[in-house]
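Remarks on the structure that follows.
What you see is a predicted model; the values in this text were computed from it and never measured. Below, chains carry the letters A, B, ... as their sequence lines are ordered, and counting in each starts from 1.
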Amino acid sequence: MAEHEIIELNIGQPLDIRHSLESGQVFRWQRQEDWHYGVIGENLIALCQFGSVLKIVHDAGETQHVIDLVSKFLRLDDNIEEIYSVIGTDERIKEAISAYRGLRILRQDPWECLIGFICSANSNIPRISSSMRSIAYNYGAKRTLGLFEGYVFPSAEDIASLGETPLRELKIGFRARYIARVAEIIAAGKLDLYGLKYMPYEEAKEELKSLPGIGDKVADCVLLFSLDKLEACPIDRWIRRAFEDWYLIDSRFKYEEFYKWAFDKWGGFAGYAQQYLFQSRRLAP
DNA sequence: GAAGGGCCTTTGAG
DNA sequence: ACTCAAAGGCCCT
């Protein structure tokens, strides 16, 4: 990578690149030694953190453009100390904040995020990663950075033109049909995914749930991880158990009831609280 | 209408 | 070799 310019960015706030990229939000970032490689939009980016300094290597042209791209992706616009003070209301979550300090909600591309969480249905993180890599490797444009190769995630149009059968061959199972159908709807312009960012949470969620393969949980993931809805609080198997065991929530609660409980407790940053509890539950149950 | 159960694909862990 | 769970959703009763 010596032939590439290295940008050094000073991060004046909590950031833990590894926990952020390895917390089940994004599925195609790869770690080699101290470097993390991934595609943001059309560009291949490598990140390496030393304390409060973030080193960036990229194929994306102008320095300022790259800094903007990375800052936006890492949500460096979030005031994370303030978020900690709002959600740090009990010992359990304070422990999680102290263990995973600097873990950030990421602002990823809505289209890739949507497909990622369709793949997540009844699956697990290693397998979701392999599904997503397989889709990008087979149908996305290649980028290189030194010896590293990455792939731009194929557009809705690209995937719509494939249909279900080639996706089935990638071993993604029953999710292939959902992906093919969703791609068709988005490519045809019947739902403006990017426009959801400007709608209120509830309304945007209803729009997403009108898509095949998208229910409450997947919709909340897409809203939280790509559409700036920090009040979205995806309740999956892990979080459900965490709520039951750690907060003694009635296991008979329906999704909406779990959500309401979380929103009452953590308000507009319920999504952040959820992410710290998710990481705790997986790594230190 | 809502609540519960079966089913869907494949993988990796135990 | 076998069972089970996995960042769920849909369809049927």
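- Nucleotides C:dA5 and B:dG5 have their P atoms positioned 15 Å apart, rounded to a whole Å.
- Salt bridge status for A:Lys260 with A:Asp264: present, with a side-chain N to carboxylate O gap under 4.0 Å.
- Judged by distance alone with a 3.5 Å cut-off, no donor-acceptor contact links the side chain of A:Arg177 to the base of B:dT9.
- Among the protein residues, A:Gln279 comes within range of no part of the nucleic acid, since none of its heavy atoms lies under 4.0 Å from any strand.
- B:dG4 and C:dA7 have their C1' atoms separated by 23 Å, given to the nearest Å.
- Listed nucleotides B:dT10, C:dA6, C:dA7 differ in distance to A:Asn122; the shortest reach to its side chain belongs to C:dA6.
- One finds no salt bridge joining A:Arg252 and A:Glu244 here, because no Lys/Arg side-chain nitrogen approaches an Asp/Glu carboxylate oxygen to under 4.0 Å.
- Between A:Lys254 and the phosphate of B:dA3, there is a side-chain N or O to OP1/OP2 separation shorter than 4.0 Å.
- One can place CZ of A:Arg175 at 14 Å from P of C:dA6, the figure rounded to the nearest angstrom.
- Minimum atom distance to the side chain of A:Tyr178 is reached by C:dC10, of the listed C:dA7, B:dT9, C:dC10.
- A cation-pi contact, defined as under 6.0 Å to the ring centre and within 45° of the axis, links A:Arg241 to A:Trp238.
- Going from atom CD1 of A:Ile118 over to atom C1' of C:dA7 covers 14 Å, rounded to whole Å.
- More than 12 non-hydrogen atoms from other residues, nucleotides or ligands lie less than 6.0 angstrom from NZ of A:Lys94.
- Residue A:Gly215 is in sugar-phosphate contact alone, with no base atom involved, counting any heavy-atom pair closer than 4.0 Å across all strands shown.
- Here the side chains of A:Leu54 and A:Ile7 are not in contact, with every heavy-atom distance at 4.5 Å or above.
- Annotation: B:dT11 and C:dG9 have their P atoms spaced 22 Å apart (nearest Å).
- Each of A:Ser123 and A:Tyr255 lies near DNA chain C, and the nucleotide nearest A:Ser123 is the one positioned closer to the 5' end.
- The same atom, P, is picked in B:dC7 and in C:dT3; the two are 16 Å apart, to the nearest Å.
- Between B:dT9, C:dA6, C:dG9, one nucleotide has an atom nearer to the side chain of A:Arg237 than all others, and that is C:dA6.
- Protein atom CZ of A:Phe174 is 13 Å distant from nucleotide atom C1' of B:dT11, rounded to whole Å.
- C:dC10 atom P lies 8 Å from atom CD1 of A:Ile214, rounded to whole Å.
- Applying the 5.5 angstrom centroid cut-off and the 30 degree plane-angle cut-off, the aromatic ring of A:Phe117 is not stacked upon the base of C:dA7.
- Relative to the side chain of A:Lys171, the nucleotides C:dC10, C:dA7, B:dT10 differ in distance, and B:dT10 lies closest.
- For A:Lys209, the NZ atom counts as densely surrounded, since its 6.0 Å shell holds more than 12 non-hydrogen atoms of other residues, nucleotides or ligands.
- Whole-Å rounding puts the A:Ile128 CD1 to C:dA7 P distance at 6 Å.
- Counted by atom type alone, A:Tyr194 and A:Asp109 present one or more donor-acceptor pairs between their side chains at under 3.5 Å.
- Residue A:Arg241 places its side chain closer to C:dA6 than to any other of C:dA6, C:dC10, C:dG8.
- Pairing of B:dA2, defined by two Watson-Crick or G-U wobble distances under 3.5 Å, is not identified with any nucleotide.
- Pair assignment for B:dG12: C:dC4, on the basis of Watson-Crick or G-U wobble contacts that are both within less than 3.5 Å.
- Here C:dG8 presents its C1' atom at 15 Å from CD1 of A:Ile239, a figure rounded to the nearest Å.
- Among the protein residues, A:Ser129 comes within range of no part of the nucleic acid, since none of its heavy atoms lies under 4.0 Å from any strand.
- Distance A:Leu167 CG to B:dT9 P: 14 Å, rounded to the nearest Å.
- Straight-line distance from the CZ atom of A:Arg252 to the P atom of B:dG4: 10 Å, rounded to whole Å.
- B:dG6 and C:dC4 have their P atoms separated by 14 Å, given to the nearest Å.
- Comparing C:dA6, C:dG8, B:dT9 by their closest approach to the side chain of A:Val218 singles out C:dG8.
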